[in-house]
Amino acid sequence: MGGGVMTNPGRYLVLYPTGQASPLPDPNNPAQTEGRYPFSANPGDQFKGWDCSTNLDWMPNQSFLFRMEYVHRHASVPYFAGAGGVTSQTGYSTTALDPNWRPDLVKSEDRIIFAVLFRL
C-alpha cells in the first residue's frame, strides 16, 4: 500500500496534460501553445492532489511475477484525461477539431493495472 499528497501553489511541479490540453510550446511553431485549449499554468494557480495505491503480487517461481494494482488519484482542479480524451473527438492528432469539442479533463481517476514480469 502507498500514497502521497501534493500541494503546489503555482503549478510549477505539475506535469502538464498532453494533446489539446497541453500548455507547452508547439515544437513546429514555438510562438503558440501545442494545445488549442491549454491547461492553466499561470503563476499563483493552485494545485492540490493526492493518490493511494495497493497491489497484489504472486510469484509462482523465481522467474515470473504476476501483479494486479489499483490506483486512485484526485486533484483539486480538472487534470486527468477523462473518457472523452484530450487529443481530439476521434482520438487522432491529425483530425480537424469539432468547434464544440473540448479536452475532457476530470478531477479524479481510478486504474486497475495488470502486469507480468519475468526474468531470463
Side-chain angles (χ1 to χ4, degrees):
M1 296 179 78
V5 175
M6 177 179 164
T7 299
N8 186 212
R11 296 189 186 170
Y12 55 89
L13 295 174
V14 177
L15 296 175
Y16 301 129
T18 60
Q20 295 299 329
S22 174
L24 299 175
D26 183 345
N28 300 319
N29 184 0
Q32 70 183 43
T33 61
E34 186 172 23
R36 188 179 287 180
Y37 308 102
F39 177 75
S40 174
N42 298 318
D45 285 350
Q46 296 288 317
F47 183 90
K48 295 179 182 180
W50 62 271
D51 73 328
C52 61
S53 66
T54 188
N55 69 52
L56 179 65
D57 290 349
W58 179 53
M59 194 170 198
N61 60 45
Q62 66 183 13
S63 298
F64 285 94
L65 173 78
F66 296 91
R67 172 173 283 182
M68 181 177 73
E69 184 172 355
Y70 170 73
V71 179
H72 175 79
R73 298 176 180 142
H74 185 81
S76 59
V77 296
Y79 173 72
F80 304 103
V86 294
T87 307
S88 72
Q89 63 276 5
T90 64
Y92 294 102
S93 61
T94 55
T95 302
L97 292 180
D98 180 326
N100 298 319
W101 182 86
R102 298 289 183 272
D104 183 15
L105 295 177
V106 296
K107 289 187 176 185
S108 66
E109 75 171 358
D110 294 288
R111 291 182 180 207
I112 297 176
I113 303 163
F114 297 98
V116 177
L117 303 140
F118 60 92
R119 285 194 277 180
L120 299 175

- Item | Closest non-hydrogen atom pair, Ala21 against Leu105 | CB-CD1, 4.1 Å
- Answer with yes or no whether the hydrophobic clustering places Leu24 together with Leu13; edges join I, L, V, M, F, W, Y residues whose side-chain heavy atoms lie under 4.5 Å apart. yes
- Item | Contact summary for Asn8 and Val14, nearest pair of heavy atoms | OD1-CG2, 3.5 Å
- Query: Using 30° and 60° as the class limits, which term best fits the ring planes of His74 and Trp50: parallel, tilted or perpendicular?
  - Reply: tilted
- Query: Has the side chain of Gln20 got a donor or acceptor atom that lies under 3.5 Å from a matching backbone atom of Tyr37?
  - Reply: no
- Task: For Arg36 and Thr33, indicate whether the former's side chain and the latter's backbone hold a donor-acceptor pair under 3.5 Å.
- Result: no
- hydrophobic_cluster_shared for Trp58 and Val116, side chain cutoff 4.5 Å: yes
- Task: Report the distance from atom NE2 of His72 to atom CZ of Arg111, rounding to the nearest 0.5 Å.
- Result: 12.5 Å
- When you measure from the side chain of Asp45 to the backbone N and O of Asn42, does any donor-acceptor pair fall under 3.5 Å? yes
- Same hydrophobic cluster for Phe114 and Tyr70, using side-chain heavy-atom links shorter than 4.5 Å among ILVMFWY? yes
- Indicate yes or no for a side-chain donor-acceptor contact from Asp51 to the backbone of Gly4 under 3.5 Å, with no hydrogens or angles considered. yes
- Asp104 side-chain N/O to Ala83 backbone N/O, donor-acceptor pair under 3.5 Å: yes
- Item | Closest non-hydrogen atom pair, Pro78 against Lys107 | N-CG, 3.7 Å
- Gln89 side chain to Asp98 main-chain N or O, any donor-acceptor pair under 3.5 Å? yes
- Phe39 six-ring face occupied by Arg11 cation (under 6.0 Å, within 45°): yes
- Applying salt bridge (charged side-chain N to carboxylate O under 4.0 Å, His left out) to Arg67 and not counting sequence neighbours gives Asp57
- Considering only heavy atoms from C-beta outward, does the side chain of Tyr16 approach that of Pro38 to under 4.5 Å? no
- Task: Considering non-hydrogen atoms only, spot the tightest contact between Pro9 and Tyr12 and give its length.
- Result: O-CE2, 3.5 Å
- Query: What are the two closest heavy atoms between Ala41 and Pro23, and how far apart are they?
  - Reply: CB-CG, 4.5 Å
- Pair Phe80-Val106, side-chain contact (heavy atoms from CB on, under 4.5 Å): steps then yes or no: CA-CA 5 Å; Phe80 304 103; Val106 296; 4.2 Å; yes
- Note on the structure: In this structure, CE of Met1 is separated from OG1 of Thr54 (nearest 0.5 Å) by 5.0 Å
- Item | Common cluster, Met6/Val77, ILVMFWY with side-chain heavy-atom separation under 4.5 Å | yes
- Task: Could you please spell out the steps behind the side-chain contact (heavy atoms from CB on, under 4.5 Å) verdict for Leu15 and Tyr79?
- Result: CA-CA 10 Å; Leu15 296 175; Tyr79 173 72; 3.9 Å; yes
- Query: Within a reach of under 6.0 Å around CE of Met68, are more than 12 heavy atoms found that belong to other residues, nucleotides or ligands?
  - Reply: no
- Scanning both residues in full, the closest heavy-atom pair of Thr87 with Leu97 reads O-CD2, 4.0 Å
